[in-house]
Chemist: 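If you scroll down you'll find the structure; I have some questions about it.
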Amino acid sequence: MTYRHQIVLGPAQETLLIPLYGRAVETLKRNPMAIDRRAVEIVEAIGYDFAKFDGDRSLAGSVLRGLIFDHWVAAFLRAHPGGTVVEIGAGLNTRFERLDNGICHWVELDLPDSMDLRKKLFEETDRRSMIAASIVDDTWAARVREHPSPYFFVAEAVLIYLTEADTRRAVGQIKDSFPGTTLAFDTWGEWILRNQRRRDQRRRDPLRKMSAKLEWACNDPREIESWYPGITLTASHTLATPPRTVRTALPLRMRALLPVMGVLPQTKAYRLNLFTLGSNTRKAEQ
Ligand SMILES: C[S@@+](CC[C@H](N)C(=O)[O-])C[C@H]1O[C@@H](n2cnc3c(N)ncnc32)[C@H](O)[C@@H]1O
């Protein structure tokens, strides 16, 4: 079979294929958590051995993770319909396709090779810009400012591939350039990093089939409040304790699984977090 797009990606960049495939596989289930026909089309258009991920439970986990981030972005857009969502490490995410309200703005930022691929599959418009850069660079903020405030930054499964020093630098840069903004990102605890190194325990993990490495551990996202003055953690969830509106929209089979997932050490060690980077804080929906 001839594929339209061959994949040439660095190690951390290649991981963008996992959530893409997760959304495609979920879409084809009988009673899916989410439907993403675009992800199905993209998987069909890419020359890559996706079948090696088949059977991995973490594919469904990546879909649930995306729904929780969507919940926060949708809440921001309800409060600020003309604001700008900045998607750090956008990969081949279809969040704009899922949540666009017709007037909001969107900036998608990713490393050059990931962005090259993204630009072959998605279109830039007046309201949607794509930036090829690392979040650690200091070049992208001016491009973001071309879009209207307020801003909501989301980094889904991205900052874990940076070192802790670079993650701090990226968070500090966002805070200094966009004081008072909101940033959603996920954190992985030590348990997960320890087990990344133990092959036998990683049998079911798609990351085992790639060379990307998780770089830093965070057991308690409240620690991030101490990185700079003015950072406040306003919400934090595990996949087993999603926000109520996400939970109630899940298919029954998935809701029934949550308590079982909740006792697993890997579920306890992985958290999705919402921070305000400034002094104006408000509790998000728990
Ligand atoms: C697991 S994928 C997640 C992709 C997307 N957020 C999603 O949920 O579908 C990790 C992404 O982080 C990007 N990434 C890694 N390091 C980055 C950096 N320093 N700056 C920007 N993006 C980065 C990769 O290129 C890749 O697209």
Side-chain angles (χ1 to χ4, degrees), residues 7-27 34 36 38-39 42-43 46 48 50 53 56 58-73 85-99 106-122 130-141 143-144 152-174 183-188 192 196 205-216 239 270 272:
I7 297 290
V8 187
L9 292 171
Q13 295 87 314
E14 193 183 352
T15 62
L16 62 81
L17 298 166
I18 300 171
L20 170 77
Y21 191 56
R23 293 194 308 279
V25 167
E26 190 67 27
T27 299
D36 189 341
R38 195 67 209 287
I42 295 172
V43 164
I46 281 179
Y48 188 81
F50 285 102
F53 302 140
D56 281 317
S58 54
L59 288 178
S62 73
V63 175
L64 180 52
R65 169 182 88 197
L67 291 174
I68 297 174
F69 282 109
D70 279 4
H71 165 78
W72 284 328
V73 174
V85 176
V86 184
E87 186 119 22
I88 299 163
L92 294 179
N93 208 322
T94 51
R95 182 161 285 120
F96 177 82
E97 281 68 21
R98 300 197 293 272
L99 301 182
W106 219 275
V107 177
E108 292 157 337
L109 178 146
D110 209 319
L111 296 172
D113 48 351
S114 298
M115 192 44 81
D116 274 356
L117 178 62
R118 185 170 184 87
K119 283 185 173 174
K120 289 178 185 148
L121 294 157
F122 298 88
M130 299 182 193
I131 305 175
S134 166
I135 188 61
V136 186
D137 295 345
D138 51 13
T139 51
W140 51 264
R143 297 268 322 270
V144 170
F152 185 99
F153 287 78
V154 53
E156 176 179 347
V158 176
L159 301 184
I160 188 66
Y161 299 108
L162 276 59
T163 61
E164 180 172 347
D166 276 349
T167 303
R168 280 181 188 240
R169 192 164 154 221
V171 171
Q173 208 159 271
I174 296 168
L183 167 66
F185 72 96
D186 35 8
T187 45
W188 276 253
I192 297 176
Q196 177 183 248
D205 182 352
L207 275 178
R208 185 177 67 89
K209 295 157 188 150
M210 297 186 160
S211 52
K213 290 281 167 283
L214 306 179
E215 289 286 346
W216 64 284
L239 290 178
Y270 173 65
L272 299 92

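For ligands, and for the atoms within them, numbers begin at 1 and follow the listed sequence. The shown structure was predicted, so the numbers you read here are calculated from the model rather than taken from an experiment.
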Chemist: Do you know which two heavy atoms are closest between Ala90 and Arg118, and how far apart they sit?
Modeler: O-NH1, 3.8 Å
Chemist: Find all atoms of ligand 1 within a distance of less than 4.0 Å from any non-hydrogen atom belonging to Thr15, and give their numbers and elements.
Modeler: 1 (C), 2 (S), 10 (C)
Chemist: Is there a side-chain contact between Val154 and Ile88, using heavy atoms and a 4.5 Å cut-off?
Modeler: no
Chemist: Is the closest heavy atom of Ile18 to ligand 1 under 4.0 Å?
Modeler: no
Chemist: Would you mind running through ligand 1 and noting each atom that sits below 4.0 Å from a heavy atom of Asn93?
Modeler: 7 (C), 8 (O), 9 (O)
Chemist: Quick one: look up the protein heavy atom nearest atom 9 (O) of ligand 1 and list residue, atom name and how far away it is.
Modeler: Pro19 CG, 3.3 Å
Chemist: Establish, from distance only, whether the side-chain atoms of Trp216 and Thr163 form a donor-acceptor pair under 3.5 Å.
Modeler: no
Chemist: Is the closest side-chain donor-acceptor distance between Gln13 and Tyr161 under 3.5 Å?
Modeler: no
Chemist: Please tell me if the side chains of Glu87 and Leu109 come closer than 4.5 Å, counting only heavy atoms from C-beta onward.
Modeler: no
Chemist: Which atoms from ligand 1 have a heavy atom of Leu16 less than 4.0 Å away?
Modeler: 2 (S), 27 (O)
Chemist: Check Asp113 against Gly10 and note the closest heavy-atom contact, atom names and distance.
Modeler: OD2-N, 2.9 Å
Chemist: Where is the nearest protein heavy atom to atom 19 (N) of ligand 1: which residue, which atom, and how far?
Modeler: Ser134 OG, 3.0 Å
Chemist: State the atoms of ligand 1, each with its element, that fall below the 4.0 Å cut-off from a heavy-atom position in Gln13.
Modeler: 24 (C), 25 (O)
Chemist: Asn93 and Arg98: side-chain donor and acceptor closer than 3.5 Å?
Modeler: yes
Chemist: What I want to check is whether the side chains of Thr94 and Asp36 have a donor and an acceptor closer together than 3.5 Å.
Modeler: yes
Chemist: Which residue holds the protein heavy atom closest to atom 3 (C) of ligand 1, what is that atom called, and what is the gap in Å?
Modeler: Glu156 O, 3.5 Å
Chemist: Check each of Gly89, Pro11, Ala90, Ala132 against atom 11 (C) of ligand 1 and report the one with the nearest heavy atom.
Modeler: Gly89
Chemist: Show me which atoms of ligand 1 lie under 4.0 Å from any heavy atom of Gly91.
Modeler: 4 (C), 27 (O)
Chemist: Quick one: nearest non-hydrogen protein atom to atom 10 (C) of ligand 1, plus distance?
Modeler: Ala157 O, 3.2 Å
Chemist: So is Glu87 polar-close to ligand 1, meaning N/O to N/O under 3.5 Å?
Modeler: no
Chemist: Just distances here: any N/O of Ile135 and N/O of ligand 1 closer than 3.5 Å?
Modeler: yes
Chemist: Using only atom types and a distance under 3.5 Å, with no angle test, would you say the side chain of Thr27 pairs donor to acceptor with the backbone of Arg23?
Modeler: yes
Chemist: Please compare Leu111, Leu20, Leu92 and report which has the shortest non-hydrogen distance to atom 15 (C) of ligand 1.
Modeler: Leu111
Chemist: Do Trp140 and Ile174 make a side-chain contact, defined as non-hydrogen atoms from C-beta onward lying under 4.5 Å apart?
Modeler: yes
Chemist: Could an N or O of ligand 1 be found under 3.5 Å from any N or O of Ser114, whether backbone or side chain?
Modeler: yes
Chemist: Starting from atom 25 (O) of ligand 1, locate the nearest protein heavy atom and write down its residue, its atom name and how far away it is, to 0.1 Å.
Modeler: Asp110 OD1, 2.6 Å
